[in-house]
Amino acid sequence: MDITRLWAPNARVRFMTEGQPSAEGECVVYWMQRAQRARDNPALNYAIATANALKLPVVTVFALAPTYPNAQRRHYQFLIEGLVDTERDLEALRVPLVVRFGNPPAVVAKLATELNAAAVIGDENPVRIGEQWRDQLAKKIHVPFHLVDADVIVPTSHFLREEYAARTIRPKIHRLLPEYLKPVPRLVARRPWSDSDRPKGEKIDTKSLMKEVKAAGVGPVQGYQGGTDEAIKRLHTFIKERLPRYAADRNEPTPYMTSELSAHLHFGQIGPHTIALAVEAAEDIPDESREAFLEELIVRREVAINFVARNPKYDELSGCPEWALATLAKHASDPRKYNYSAKKLEAGESHDPLWNAAQREMVITGRMHNYLRMYWAKKILEWAPDAETAFNIALDLNDRYEMDGRDPNGYTGVAWAIGGKHDRPWPERPIFGTVRFMSYESTRKKFDSDGYIARVRSLEQGKLFDA
DNA sequence: ATCGGCTCGCGCAA
DNA sequence: TGCGCGAAGCCGAT
C-alpha cells in the first residue's frame, strides 16, 4: 500500500496536523479512544495500513482518565472488561495494547515521544471532551496526526450542518449506504514488536485496573458484561430469537425484544458495521423487522451523532429548536401539580408507579426500557420547577446511571423529550406548550405496564432477567 | 378499532 | 410560493 494513496483526502479521515511521517520514526501509534475493539475498526485499519506501508510496527495506546465527568464505577468496570477482549484480539493482529492512566492527550504525547512515533492515528468521538483531548494532542506533537471516523456507518463529515430531524438525514444516509455499508477488512500488522522492545503498560486485569480508578458512585451492574465477546454473543442471540418479531414486539417489556447492545456500542466494543451487516445477512427475517432495526441502528443513531457533533449546546436546553424554547417559556409559570426535587426523583419516589419502576430499573440494571425512556424524561419536565431544571436532572440521571450514559443517543433522547429536538409541535397543553405530551393513562394502555412494574419489583428482590 | 385535527418548518417541486 | 409530511401522541367523533 502506497502511503500517498492511503493518506489521500477521504470522508472518514480528518487531518489534525499536516505533513508526512518522519523517516526516522520507529512505529505508528494508534490512539484508541472510542473504538475500543480490534474487529471492524476502520481507525485501527488505517493505523495498520500506514505502518505496513512504512514497514513499521503499530502500538495501540488506551489512555484511561482516572475520572471523567459523570462516569461512575459501573462504567469503568464495563470499559475495562472490554479491554481484556480487545488486548487479546489485537494480539492476533500482532498489535500490542498499552493501557496507561492519566490525562489522555498527555499520555499519548508522552508515549509517542518515548516510542519515536512516525505518526499518530486516532478515532473520532463527537462529544466535547473528546474534541478537546484531540485538539490538545494536536498542539503537543510534531508528527502527522490523523483521525478516522470509525463508529458510524456514514462518516459524520458528510453532514456539515446540524440536521433538523431524522427525516432530513434519512434520504442522505440511504443514498450513501451502498458506499459505506460494506465489510471492513481485517488487516494484520506486517511488522510485529519484538518481545524485548514491547512498550510497557498496565497489565490488563480488571481487578487491578479498577483499583487505579478514582471515580466514585454507583458500582457495577450484575449480569451486564462489557467486551467484544459478550457483544457478539448478544448480537447472535438477538438475531436468532428477537429480530424476526422486532417490528411488532420491540416495545414488549417482558421479555425484552431489543438487542441490549447500546453500552457495547457506546464504548465501541462492537461497531455499527458488525451489527448492520449481520442483520442484513440474517435469513428468514421479515423485511419490516429488518428495516425497523436498521432504521434505529443507522438513521436514529447517526442523526444523534450529527446533533452532538454539530450543535455545541447538545447538553443544554438552549440547544433545542426555537419553537420549543418559545412554547416552554410561554408556559414557564404554569402551575405544577407535582414538584419533585432531583433527590426525590433519583430515589424513584414519585406518585407514579410506572415512572418509579423505570427509574429503579435504570439504577439497578444501568438500562431502561426504550419506550419508557421517553415517558420518563417527559414526566421530569412535568414535575420539575422549570424546563431547564428538568433537562439538567434528566441528563444527569441518564449520564450517571445508564450504562450508555454520555452517549449521543442519551443527549438526543433528553433533547427530544423535553426540548422537541427532531420533533414537531403538537396541540398545546399546560407546562409542555406544543412539545409532545405523553400521558400515564395511554402509556398504560399501550404498554404492559403491570408486567413491567412486576419485572422491576423482581429486580429489586435480586432476580435478574435476560442477564 | 380507526381517523382527523392539532401545529411548525424543512425541503423539494414548480 | 405552495405543499406534503414528520423520533415513537392525545382526544374526541364515528
Side-chain angles (χ1 to χ4, degrees), chain A residues 158-176 245-253 256-259 262 288-289 291-308 310-311 314 317 319-331 334 352 354-355 358 367-382 391 394-395 398 404 407-449 452:
Chain A
H158 276 289
F159 315 109
L160 294 175
R161 294 183 333 167
E162 186 192 354
E163 293 288 332
Y164 188 79
R167 74 186 153 88
T168 65
I169 203 173
R170 186 177 295 112
K172 300 175 194 172
I173 286 180
H174 280 282
R175 213 173 306 131
L176 291 162
R245 290 183 296 124
Y246 185 77
D249 294 351
R250 67 173 124 167
N251 284 340
E252 278 298 310
Y256 270 27
M257 294 301 292
T258 50
S259 64
S262 62
E288 204 193 347
S289 283
E291 280 159 23
F293 182 79
L294 292 175
E295 162 75 12
E296 296 199 3
L297 176 71
I298 306 174
V299 175
R300 304 273 177 85
R301 180 168 178 273
E302 295 189 9
V303 76
I305 290 167
N306 166 267
F307 169 49
V308 169
R310 305 298 178 220
N311 187 328
Y314 63 80
L317 180 65
C320 293
E322 276 305 319
W323 66 264
L325 298 179
T327 194
L328 289 170
K330 188 179 158 199
H331 290 269
D334 289 359
D352 175 342
L354 184 57
W355 192 93
R367 285 156 290 158
M368 188 190 297
H369 192 281
N370 279 337
Y371 188 70
L372 285 187
R373 278 192 180 203
M374 304 183 282
Y375 178 79
W376 173 84
K378 285 191 179 288
K379 291 296 142 183
I380 297 177
L381 170 59
E382 195 176 331
F391 190 100
L395 207 51
N398 177 81
D404 68 351
D407 191 272
N409 285 333
Y411 296 119
T412 307
V414 170
W416 176 84
I418 294 174
K421 176 62 66 177
H422 299 165
D423 204 3
R424 61 171 155 147
W426 296 88
E428 195 159 10
R429 337 179 26 116
I431 303 174
F432 288 77
T434 58
V435 171
R436 184 197 302 251
F437 177 73
M438 285 175 82
S439 80
Y440 174 73
E441 288 74 21
S442 58
T443 304
R444 275 189 70 85
K445 270 182 228 147
K446 252 186 262 187
F447 176 83
D448 176 11
S449 303
Y452 177 74

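Chain letters run A, B, ... following the sequence lines, proteins first and then strands; every chain starts at 1. Worth saying up front: this structure is predicted, and the values here are computed from it rather than measured.
- Bracketed by its first and final contacts, the part of DNA chain C lying under 4.0 Å from non-hydrogen atoms of chain A reaches from C:dG6 to C:dC11 in 5' to 3' order.
- A gap of 16 Å separates the P atoms of B:dG5 and C:dC3, to the nearest Å.
- Comparing the C1' positions of C:dC11 and B:dT7 gives a spacing of 15 Å, expressed to the nearest Å.
- Helical stems involving DNA chain C, defined as 3 or more consecutive Watson-Crick or G-U pairs under 3.5 Å, span B:1-6 with C:9-14, B:8-13 with C:1-6.
- Comparing the same atom, C1', in C:dA8 and in B:dG11 gives a spacing of 23 Å after rounding to whole Å.
- Comparing the P positions of C:dC5 and B:dA14 gives a spacing of 14 Å, expressed to the nearest Å.
- Contacts of residues 165-174 of chain A with DNA chain C (heavy atom under 4.0 Å): A:Ala165, A:Ala166, A:Arg167, A:Arg170.
- Ring planes of A:Tyr256 and A:His369: perpendicular class, angle over 60° (limits at 30 and 60°).
- When all heavy atoms of A:Lys379 and A:Trp355 are compared, the closest pair comes out as CB-CD1, 3.5 Å.
- A:Glu295 CD: more than 12 foreign heavy atoms inside a 6.0 Å radius.
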I would like to know whether A:Arg436 and A:Met374 meet side chain to side chain contact (heavy atoms under 4.5 Å, CB included); could you show each step before the answer? CA-CA 10 Å; A:Arg436 184 197 302 251; A:Met374 304 183 282; over 6 Å; no
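- Heavy-atom distances under 4.0 Å link DNA chain C to A:Trp416, A:His422, A:Arg424 of residues 414-425 of chain A, given in residue order.
- When the options A:Tyr375, A:Tyr440, A:Tyr371 are evaluated for a ring pair (Phe, Tyr, Trp, His ring centres under 6.0 Å) with A:Phe447, the one that passes is A:Tyr371.
- Across C:dG4 and B:dG4, the matching P atoms stand 14 Å from one another, rounded to whole Å.
- Judged as a salt bridge (charged side-chain N to carboxylate O under 4.0 Å, His left out), and not counting sequence neighbours, A:Lys446 has no contacts.
- Contacts between chain A and DNA chain B, taken as any atom within less than 4.0 angstrom of a protein heavy atom, begin and end at B:dC6 to B:dG11.
- Spacing of P atoms, C:dA7 relative to B:dC12, comes out at 14 Å, to the nearest Å.
- Counting any heavy atom pair closer than 4.0 Å across all strands shown, A:Met438 reaches sugar-phosphate atoms only and no base atom.
- Summarising the geometry, atom CD belonging to A:Glu382 is positioned 4.5 Å from atom CZ belonging to A:Phe432; distances are rounded to the nearest 0.5 Å.
- Taking CZ of A:Arg250 as the start and CG of A:Asn370 as the end, the distance is 9.0 Å to the nearest 0.5 Å.
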